[in-house]
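Scope of the values below: all heavy atoms of this structure, side chains included, with no hydrogens, waters or symmetry mates. Chain identifiers are assigned alphabetically (A, B, ...) following the order of the sequence lines, protein sequences preceding nucleic acid strands; residue numbering begins at 1 within each chain.
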Protein chains: 2
Amino acid sequence: MKQYSIKDIAKLCNVSTATVSRVINNNGRFSEETKNKVLEVINQTGYMIDDSARSLRTNVTYTIGILVPDIKNPFFADLVQKIEELLFSKNYSTIICNTDKNEKKEQAYLHMLENKKVDGIIVISGSYQHGFKFQSSLKEIPYICIDREPENFHNTVFISSNHYQGGLDATNYLFNRGSQFPAIVVKKINSSTKSRIAGFKEALKNHQVKFLKSHQELKLTNKNAVKKFLAKNPQVDGFFAADDNIAISLIQYLKELNYQIPKQIQIIGFDDIPAANVLTPKLTTIQQNTKKIAQTAVNSMMNAINKQNEKGSQFLIPTKLINRETTR
Amino acid sequence: MKQYSIKDIAKLCNVSTATVSRVINNNGRFSEETKNKVLEVINQTGYMIDDSARSLRTNVTYTIGILVPDIKNPFFADLVQKIEELLFSKNYSTIICNTDKNEKKEQAYLHMLENKKVDGIIVISGSYQHGFKFQSSLKEIPYICIDREPENFHNTVFISSNHYQGGLDATNYLFNRGSQFPAIVVKKINSSTKSRIAGFKEALKNHQVKFLKSHQELKLTNKNAVKKFLAKNPQVDGFFAADDNIAISLIQYLKELNYQIPKQIQIIGFDDIPAANVLTPKLTTIQQNTKKIAQTAVNSMMNAINKQNEKGSQFLIPTKLINRETTR
DNA sequence: TATATTTAATAAAACGTTTACAATCCAAAA
DNA sequence: TTTTGGATTGTAAACGTTTTATTAAATATA
């Protein structure tokens, strides 16, 4: 039952541990003969390397930590899954840390990741306003940021969708499909939504419409609010929802208020979560290219690990409009 | 920049490494005075323990591996998130392994987890028919199975929802709401759906209706198939969909065929994925208690780690019917 | 006071690798 | 034959912990 160690293998092969190690790592030179002998014995015994020992010696763990605010969010789940897949193909393990946007958990996880001496950390959409401790402790471990740049991180690699362009495209689409007065609905202001709003405003400008405060609304969180808003602003004939979940509840309220979608009011969302394609009517939305984001992130992570400093770089990944039934 | 080791701390404290270690682990005896001194220095230096070294010595990693077929599936995501949270509260790290139901990835991940000497493995809904290598290599590492018992695992702890009861409840509900001839729609046969079907059949028996082959259908994968099926079996006035995704497409087809839901045909699903509550009409479904499943699983895992053998145990967690709009 | 007991601390080995350096082997060159 | 040098292998230290056995010091007991 006892696990075999490299010493056992060495003894069984009449060879030194150094040689066994070299064969395992295909590193240094050895004769074809010893190589075969060692491999043979390893196979027979079912010897498994001990990564703790190896890491202790080499200071490399082949493990990456991912900090994610909410793995149940389909966009994050998708992103994490794709990153994990890529890392796996490069022989890295991934430790996924669900922070719940909870400062305590963030700190604790960072501690854990440091203790585990992970080779790098990928931070997805962190808020981390309390970044001080975070930043200082991460001096040693390379990290990159995806989706949202944590406020207290500076001079880091930063990868996200081009939210600005996405917002611009979405709004232009509403115009092109006949809306005269589109409004944007936002719930939380952060670096992503800020860019989407900027895109929205740019589209207005392109269409020679001046941005009024009725163009942007934050509090359409129930049927009544929507009713009131539309009574006050009857000219509104389109909504750019800053994310699909906002769009989903908006559609629900509008249907309850007997508005016709997209005939009277068009709607476009952002993210393309699975539910978007299952609604009645199906949601037109802006899809983020999670695959490309993941690729870029993993690529940057590898560069960071290999001391190829990219700090300060920003990678903006294009989005794609998915036309469904909430636009004309 | 160099990382402090326990030796450095010991030197700075005029004390042996053994003492430092004992203070860190709050283990063995030491005076209040030395304890304070050591803690003080640790704080000042920012010393961080090296888990590789510790694991090498103790043979304990405080890490658990989770094998999951598809983290993007909301049910799995939910389950994994809850397990992770519980493990975290017990100071365990979680390595989430997304296997994509791909044998190669399963094997490779198991290898990885073994090399990393994780303290335990939680297998979610594995297929693992090719289990030989799996099983043999897992002789040393405790594992438990959730949701579906892998076919080549024997004598393991097994935790899942009570699919039988869920199926029974679902079908009874259709009857109670006025259906005379409910049919069950299944896509894949596995241990979970088998139980759901068994529950369905039991409900038929309870209502003195004999199970005919028209009661169960596997291939309603497009509008036309549904049309044909209903033409041939006009008496069908309710569907128990073996999972919510089946229910969702079913609803879509039925709507396109101008059936009225739930007036003409009632539908009930299984899982309660987020989309279920966003459909038109909203889906009545059977909700799994992921929280309870997660708790039970983590509990069993801890027992397994502590050599409290529960092998052979089965834990069946009750489900809950969520009444929405696809039933009368 | 002498002895037994409790408490605090240490020294050193061990965990399983990798690797710098040294040693050996063997064929080819001189 | 001797020398040389490349290829192969070995020796032993090191990585940062924990822990066993031991000692030293302090305290209690007789």
Side-chain angles (χ1 to χ4, degrees), chain A residues 1-39 41-42 45-63 91 111-112 114-119 140, chain B residues 1-39 41-42 45-63 91 111-112 114-119 140:
Chain A
M1 269 316 155
K2 194 222 163 219
Q3 299 276 352
Y4 288 93
S5 84
I6 214 174
K7 275 183 203 160
D8 302 315
I9 305 302
K11 203 169 296 169
L12 287 170
C13 294
N14 286 319
V15 98
S16 76
T17 62
T19 302
V20 175
S21 172
R22 282 193 293 251
V23 170
I24 290 173
N25 295 292
N26 200 18
N27 172 7
R29 285 228 265 284
F30 38 80
S31 70
E32 195 69 10
E33 201 193 337
T34 40
K35 175 182 149 191
N36 291 333
K37 190 168 51 177
V38 170
L39 257 29
V41 172
I42 284 180
T45 52
Y47 161 80
M48 309 224 65
I49 207 164
D50 183 323
D51 277 338
S52 303
R54 172 182 271 174
S55 296
L56 173 59
R57 179 59 221 237
T58 59
N59 259 317
V60 169
T61 54
Y62 267 85
T63 305
N91 288 312
H111 228 255
M112 208 177 236
E114 285 183 295
N115 286 343
K116 280 205 169 344
K117 289 215 188 316
V118 296
D119 298 341
E140 311 293 338
Chain B
M1 269 317 152
K2 193 226 163 218
Q3 299 278 352
Y4 288 92
S5 82
I6 214 174
K7 275 184 203 162
D8 302 315
I9 305 302
K11 203 170 295 171
L12 287 170
C13 293
N14 286 318
V15 98
S16 75
T17 61
T19 302
V20 176
S21 172
R22 280 195 298 256
V23 169
I24 289 173
N25 296 291
N26 201 17
N27 170 10
R29 286 223 266 283
F30 41 81
S31 69
E32 194 69 12
E33 201 190 339
T34 41
K35 174 182 150 192
N36 290 333
K37 190 168 49 177
V38 170
L39 256 30
V41 171
I42 284 180
T45 52
Y47 161 78
M48 308 224 66
I49 207 164
D50 182 323
D51 277 338
S52 303
R54 172 181 272 176
S55 296
L56 173 60
R57 180 58 223 232
T58 59
N59 259 315
V60 170
T61 55
Y62 267 86
T63 305
N91 287 313
H111 228 256
M112 207 177 236
E114 286 182 295
N115 287 343
K116 280 207 168 347
K117 289 215 189 318
V118 296
D119 298 341
E140 310 293 336

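Put simply, B:Tyr4 has no side-chain N or O that comes within less than 4.0 Å of OP1 or OP2 on D:dT17. For A:Ser52 and C:dG16, the shortest distance from a side-chain N or O to OP1 or OP2 is not below 4.0 Å.
Take A:Arg22 and apply the side-chain contact (heavy atoms from CB on, under 4.5 Å) test, not counting sequence neighbours, and it matches A:Ala18, A:Thr19, A:Phe30. Contacts of A:Thr17 classified as side chain to side chain donor-acceptor pair (under 3.5 Å), with partners at least two apart in sequence or in another chain: none. Remark: A:Thr58 engages no residue in a side chain to side chain donor-acceptor pair (under 3.5 Å) (not counting sequence neighbours). By the side-chain contact (heavy atoms from CB on, under 4.5 Å) test, B:Thr45 pairs with B:Tyr4, B:Ile9, B:Leu12, B:Val41, B:Tyr47, sequence neighbours left out. B:Glu32 meets the side-chain contact (heavy atoms from CB on, under 4.5 Å) test with B:Lys35, B:Asn36; sequence neighbours excluded.
Residues B:Ser16 and B:Lys117 each lie close to DNA chain C; by heavy-atom proximity, the contact nearer the 5' end of the strand is made by B:Ser16.
Rounded to whole Å, the distance from CZ on B:Arg29 to P on D:dT27 is 14 Å. At whole-Å resolution of the value, CD in A:Glu33 and C1' in D:dT8 are 11 Å apart. In this structure, the NZ atom of B:Lys116 is 14 Å from the P atom of C:dT17, given to the nearest Å. For the pair B:Asn59 CG and C:dA14 P, the computed distance is 16 Å after rounding to whole Å. Regarding B:Lys35, its NZ atom lies at a distance of 17 Å from the P atom of C:dT7, rounded to whole Å. B:Asp50 has its CG atom 13 Å from the C1' atom of C:dT17, to the nearest Å. B:Ile42 has its CD1 atom 15 Å from the P atom of D:dG16, to the nearest Å. C:dA9 atom C1' lies 13 Å from atom CG of B:Asn14, rounded to whole Å.
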The test is side chain to side chain contact (heavy atoms under 4.5 Å, CB included); show your working for A:Ser21 and A:Ile6 and say whether it passes. CA-CA 7 Å; A:Ser21 172; A:Ile6 214 174; 3.9 Å; yes
Could you walk me through whether A:Val23 and A:Val15 satisfy the side chain to side chain contact (heavy atoms under 4.5 Å, CB included) test, starting with their C-alpha distance in whole Å, then the side-chain angles of each, then the deciding distance to 0.1 Å, before giving a yes or no? CA-CA 11 Å; A:Val23 170; A:Val15 98; over 6 Å; no
Take nucleotides 18-26 of chain D nucleotide by nucleotide from the 5' end and write B, S or -, depending on whether a protein heavy atom sits under 4.0 Å from the base, only from the sugar-phosphate, or from neither. BB-------
Can you give each donor-acceptor pair under 3.5 Å made by side-chain atoms of residues 48-55 of chain A, sequence neighbours left out, with the distance rounded to 0.1 Å?
from: A:Asp50; atom 1: OD1; to: A:Ser52; atom 2: N; distance (Å): 2.8
from: A:Asp50; atom 1: OD1; to: A:Ala53; atom 2: N; distance (Å): 3.1
from: A:Arg54; atom 1: NH2; to: A:Asn25; atom 2: OD1; distance (Å): 2.9
from: A:Ser55; atom 1: OG; to: A:Asp51; atom 2: O; distance (Å): 2.9
from: A:Ser55; atom 1: OG; to: A:Val60; atom 2: O; distance (Å): 3.0

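Of the candidate nucleotides C:dT17, D:dT9, C:dA9, D:dT9 has the atom lying nearest to any side-chain atom of A:Val15.
Side chain of A:Asn115 to backbone of A:Met112: no donor-acceptor contact under 3.5 angstrom is found.
Within the nucleic acid shown, A:Asn115 has no heavy atom closer than 4.0 Å to any nucleic acid atom. Using a 4.0 Å heavy-atom criterion, one finds that B:Ser55 contacts no nucleic acid atom at all.
At its two ends the helix from C:dT1-D:dA30 to C:dA30-D:dT1 runs along axes set 50° apart, each axis drawn from five pairs and the angle rounded to 10°.
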